[in-house]
Amino acid sequence: MMRARACPLYCLQVDYMTCESTGSNKLTPSCINCCLAPKDCTLHLVDGSSIHCMPH
């Protein structure tokens, strides 16, 4: 039995995003949170902090 996973639709104030799959490239998503981000990406917030998004 498969279960659907709800993904909250909110945007974090992200300056840029880096992902293991793209190396050190700085990606600029328009609206993102860890639910929407690809696995193993880090969201670098405008306040200088960062959030690492683990695989789902």
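Remember, predicted model here, so these are calculated numbers, not experimental data.
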Is there side-chain contact between S21 and D40, with at least one heavy-atom pair below 4.5 Å? no

Is there side-chain contact between D47 and Q13, with heavy atoms separated by less than 4.5 Å? no

Determine whether Y10 and L36 fall in the same hydrophobic cluster, where Ile, Leu, Val, Met, Phe, Trp and Tyr are linked whenever their side-chain heavy atoms lie under 4.5 Å apart. yes

Taking atom types as modelled, find out whether H44 and S50 have a side-chain donor-acceptor pair closer than 3.5 angstrom. no

What pair of heavy atoms forms the shortest contact from I32 to M17, and how long is it? CG1-SD, 4.4 Å

Correct closest heavy-atom pair for P29 and L27 would be CD-O, 3.2 Å

Test: C41-C19 SG spacing under 2.5 Å: yes

Would you give the length of the straight line joining atom CG of L43 to atom CG of D15, rounded to the nearest 0.5 angstrom? 11.5 Å

Rounded to the nearest 0.5 Å, what separates atom CG in L12 from atom CG in L45? 6.0 Å

